[in-house]
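Chain A is the first sequence line, chain B the second, and so forth, proteins listed ahead of strands; every chain is numbered from 1.
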Amino acid sequence: MQNIQQICQTLYDKFGPQGWWPLIRNSSVVHNARFTNKKLTSKEQFEITIGAILTQNTAWTNVEKALLVLHKNKALTKATMQKMPKEKLASLIRPAGYYNQKARKLKGLLNSKKAVTRENLLNIWGIGPETADSILCYVYNQPVFVVDAYTKRIFSKLGFAELEYEQLQGLVHKNLTPENYKEFHALLVKLGKEYCKKNKPKCSVCPINKPCAHPIRYNHT
DNA sequence: CGCCAGGGCCTCA
DNA sequence: TGAGGCCATGGC
């Protein structure tokens, strides 16, 4: 089995820097390689935090729509969003789906007065491990690898045993250095979206198909 | 049309 | 503690 470092390197060689986390620039949401190690402004930090909740089980294109609605309505600030009625907030983030739940989640996060630690984030209603880690990693530059549905699917197909969130995260922590956590996660999303898809995986042209331990589990096309 | 998308909570056994 | 239901829009 190819090791995690090699997978990360192979994906980087193939796809290049992914420019995470995507940010609003000139009224559109863009990826830029400079973002990954950028010193973020507080406005950008806020934007990523909101996006981390909006993207729960949701196509990123829909999240972009919601973020741009908030942006156009000058609602992408903590003060504005806090004073806005939950129903109004829900209507603005409608394109992201689950808008009632997400409005509640955003309110809960914004009203939290506790320090931003993993434990405190997890105690907020609607913040689970992935959302907490996304905030810690991409907003606060903490050495935390984000495990998402793509990560689980890809690792499963590569032949790694089915692991719980923290176990899979620990495996990556053990095999990569922290400065690669952001990029590796972004690269896995790229691979998951374009190659290791749930429906019609493109195994024949997959950059890491060869070392895949269970290629039989793919529908080869 | 059905399936899926950068989850997380609740219920019930 | 694990499976299953629920939340919802928009792209393909």
Open item on the list: Please report the distance, rounded to the nearest Å, between CH2 in A/W125 and C1' in B/dG8.
Closed with: 8 Å
Open item on the list: Quick one: does any side-chain atom of A/K182 pair with a main-chain N or O of A/T36 as donor and acceptor, under 3.5 Å?
Closed with: yes
Task: Check: A/K86 side chain, A/K107 main-chain N or O, donor-acceptor pair, under 3.5 Å - done: no
- [ ] Send over the distance from A/Q169 CD to B/dG7 P, rounded to a whole Å.
- [x] 15 Å
Open item on the list: For B/dA5 and A/T61 - does any side-chain N or O of the residue sit under 4.0 Å from the phosphate oxygens OP1/OP2?
Closed with: no
TODO: Can you sort out the partners of A/E164 under side-chain hydrogen bond (donor to acceptor under 3.5 Å, both in side chains), two or more places apart, ordered by chain and number?
DONE: none
Task: Spacing between A/L122 atom CG and B/dC9 atom C1', to the nearest angstrom - done: 13 Å
Task: Sugar-phosphate only, base, or nothing, as touched by A/Q101 at under 4.0 Å among non-hydrogen atoms - done: base
TODO: Using a heavy-atom cut-off of under 4.0 Å over every strand shown, decide if A/A149 touches base, sugar-phosphate, or nothing.
DONE: sugar-phosphate
- [ ] Give A/I127 one of three labels, base, sugar-phosphate or nothing, depending on what nucleic acid heavy atoms sit under 4.0 Å from its own.
- [x] sugar-phosphate
Open item on the list: Quick check: A/W20 with A/Y138 (ring centres under 6.0 Å apart)?
Closed with: yes
Open item on the list: I'd like to know if A/R25 pairs up with A/E44 as an ion pair, taking the criterion as any Lys NZ or Arg NE/NH1/NH2 lying under 4.0 Å from an Asp or Glu carboxylate oxygen.
Closed with: yes
TODO: Measure from CG on A/N57 to C1' on B/dC9 and round the result to the nearest Å.
DONE: 13 Å
Task: Between A/T131 and A/K105, a side-chain donor and acceptor under 3.5 Å - done: no
Open item on the list: Using a 4.0 Å heavy-atom cut-off, does A/G128 contact any base of the nucleic acid, only the sugar-phosphate backbone, or nothing at all?
Closed with: sugar-phosphate
- [ ] Mark yes when over 12 heavy atoms from residues, nucleotides or ligands other than A/N37 sit less than 6.0 Å from its CG; otherwise mark no.
- [x] no
Task: P atoms of C/dA8 and B/dC10, separation to the nearest Å - done: 14 Å
Open item on the list: What contact category does A/K65 fall into here, base, sugar-phosphate, or nothing, at under 4.0 angstrom with non-hydrogen atoms?
Closed with: sugar-phosphate
Open item on the list: Just N and O in the side chain of A/R153: are any of them under 4.0 Å from OP1 or OP2 of B/dA5?
Closed with: yes
Task: Check: A/N175 side chain, A/I4 main-chain N or O, donor-acceptor pair, under 3.5 Å - done: no
TODO: Please answer whether the main-chain N or O of A/V147 pairs with a side-chain N or O of A/Y165 as donor and acceptor at a distance below 3.5 Å.
DONE: yes
Open item on the list: Can you measure A/E64 atom CD to B/dA5 atom P for me and round it to whole angstrom units?
Closed with: 17 Å
Task: Spacing between A/W60 atom CH2 and B/dG7 atom P, to the nearest angstrom - done: 12 Å
Open item on the list: Using a 3.5 Å limit for the pairing distances, which stems of at least 3 consecutive Watson-Crick or G-U wobble pairs does DNA chain C take part in?
Closed with: B:2-5 with C:9-12, B:7-13 with C:1-7
Task: Distance in angstrom units between A/N100 CG and B/dC9 P, rounded - done: 17 Å
- [ ] Tell me which of A/P95 and A/E164 sits closer to the 5' end of DNA chain C, going by the nucleotide each one is nearest to.
- [x] A/E164
Open item on the list: Could you tell me how far apart A/L106 (CG) and B/dG8 (C1') are, to the nearest whole angstrom?
Closed with: 14 Å
Task: Where chain A begins and ends its contact with DNA chain C, read 5' to 3' at 4.0 Å from heavy atoms - done: C/dC7 to C/dG11
Open item on the list: Need to verify one output field. Residue with the more 5' nearest nucleotide on DNA chain B, A/R104 or A/E130?
Closed with: A/E130
Open item on the list: Quick test of your reading of the model: are A/E194 and A/K190 salt-bridged, counting only N-O distances below 4.0 Å?
Closed with: yes
Task: Nearest-nucleotide pick for A/Q56, side chain only, options being B/dA5, B/dG8, B/dC10 - done: B/dG8
